[in-house]
Amino acid sequence: MEGRRLSRVEARRADLRFPFPENFAARLTGARIERMGRRAKYLAADLDTGDCLIMHLGMTGRFTIGGRQQGKFHHDAGPPERHEHVVFGLDDGGRIGYSDPRRFGFMDLWPLADIENYPAFRAMGPEPMSNRFSGAWLREAFRGRRTPVKAALLDQSMVAGLGNIYVCEALWRAGISPKRLAGSVSAPKAEALAAAVREVIAEAIEAGGSSISDFAATDGSLGYFQHRFSVYDREGEACGRCGGGVKRLVQSGRSTFYCGACQR
DNA sequence: GCTTGGACCTGATTGC
DNA sequence: TGCAATCAGGTCCAAG
């Protein structure tokens, strides 16, 4: 989409998780996408109109590239998706469809000049792959926190962009119990955790993401990282490190998978 | 101020 | 076979 102009924008319903901003399609039609970026799990398209188009996939959102572009994309659009809610037509003939059965995703517009004050970005912690993120940062962010470290890592103000799967995997790699209170994570363990977070993210990206049921790349291809999960969705299986049993528990409403023997 | 749990919504899976 | 209950990758907000 970068460098292309939106020749047609179609919002097929009034809302996703939230209502679309006023005049959503009209404000986008004709705009040129100067740059595509990302902050945590939010996609950000900088437009030449002065707005930033912010997009979040929620849990089941998916972008599919179709149409006939003069450039490199020639994917078959495939059968029409039942839950395709937004369609972007590009000036080179490309077609970007957004489908989202559960509608936990959303799209928003915000002035580009003020993007740092976008509510979701304001209190957001560092990107895990950035220099700002480290064991020392984690230890400082965890200081005094009486919430389990599992919940703390899901808090986007501590680290940006980690979800349930990768938090479970990173805690296993670092040998830290998800039940441990965040404030009690030692300095060496915080270092190990920061390193594990980076590893998990890097490997998952390398593997093309995790396709459990909904995730697919824009050409429809699936990720492979789910085959490398050490604990996630492996309740009852043997821990690959110590042979102990992988357990499941529910923390703040989310499933946590961990090894009860070697995660302390 | 911090923490937890419910709400949002649909579809797949499981168990009776 | 059919139905109900449960669960799912995220985030926000009210209540405690």
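Just so we're on the same page: letters track the sequence lines, and every chain starts at 1.
Asn164(A) has its CG atom 14 Å from the P atom of dC7(C), to the nearest Å. For the pair Met59(A) CE and dA7(B) P, the computed distance is 16 Å after rounding to whole Å.
Regarding contacts with the backbone of dT11(C), a side-chain N or O of His56(A) is found under 4.0 angstrom from either OP1 or OP2. A sub-4.0 Å separation between OP1 or OP2 of dC9(B) and a side-chain N or O of Arg13(A) is absent. Taking only side-chain nitrogens and oxygens, Gln156(A) comes nearer than 4.0 Å to OP1 or OP2 of dT11(C). For His83(A) and dC9(B), the shortest distance from a side-chain N or O to OP1 or OP2 is not below 4.0 Å. Taking 4.0 angstrom as the limit, Arg145(A) places none of its side-chain polar atoms (N or O) nearer than this to OP1 or OP2 of dG1(B). For Ser255(A), no side-chain nitrogen or oxygen approaches OP1 or OP2 of dC7(C) to under 4.0 Å. Remark: Ser252(A) is not in phosphate contact with dT3(B), judged by side-chain N or O atoms under 4.0 Å from OP1 or OP2.
Taking atom P on both dT11(C) and dG1(B), the two are 23 Å apart, rounded to the nearest angstrom. Nucleotides dC9(B) and dC3(C) are separated by 24 Å at their P atoms, to the nearest Å.
With dA8(C), dT11(C), dT10(B) as the candidates, the nucleotide lying closest to the side chain of Arg103(A) is dT10(B). In this structure, the nucleotide among dG11(B), dT4(B), dT11(C) sitting nearest to the side chain of Lys41(A) is dT11(C). The side chain of Arg248(A) approaches dC7(C) more closely than any other nucleotide in the set dC9(B), dC7(C), dC12(C).
Across every non-hydrogen atom of Val185(A) and Ala190(A), the tightest pair is CG1-N, 3.7 Å. Between Leu109(A) and Leu53(A), the shortest heavy-atom contact is CD2-CA, 3.9 Å. The minimum heavy-atom distance linking Ala25(A) with Val9(A) is given by the pair CB-O, 3.6 Å.
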Evaluate Leu90(A) against Leu6(A) for side chain to side chain contact (heavy atoms under 4.5 Å, CB included), listing each step before the verdict. CA-CA 5 Å; Leu90(A) 306 184; Leu6(A) 299 171; 3.6 Å; yes
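Nucleic acid contact class of Ile165(A) (heavy atoms, under 4.0 Å, all strands): sugar-phosphate only. Using a 4.0 Å heavy-atom cutoff across all strands shown, Gly163(A) reaches sugar-phosphate atoms only and no base atom. Using a 4.0 Å heavy-atom distance criterion, Pro148(A) is classed as a sugar-phosphate-only contact. Within the 4.0 angstrom heavy-atom criterion, no nucleotide atom of any strand lies near Asp100(A). Across all strands, Phe229(A) comes closer than 4.0 Å to no nucleic acid atom at all (heavy-atom distances). Residue contacts for Phe106(A): at a heavy-atom cut-off of 4.0 Å it reaches no nucleic acid atom on any strand shown.
Under the Watson-Crick or G-U wobble criterion, with both distances below 3.5 Å, dC9(B) has no partner in any strand shown.
Of the inter-residue distances, the one linking Phe20(A) atom CZ with Arg13(A) atom CZ reads 8.0 Å to the nearest 0.5 angstrom.
Residue side chain Arg17(A) reaches the base of dT11(C) through a donor-acceptor N/O pair under 3.5 Å, judged by distance alone. Contact of Arg102(A) with dC9(B) (side chain to base): a donor-acceptor pair of N or O atoms is detected under 3.5 Å.
Outside the 6.0 Å centre-distance limit, the rings of Tyr232(A) and Tyr258(A) are not counted as a close aromatic pair.
Stacking is not found between Phe104(A) and the pyrimidine-like six-membered ring of the dT11(C) base under the 5.5 Å centre-distance and 30° plane-angle cut-offs.
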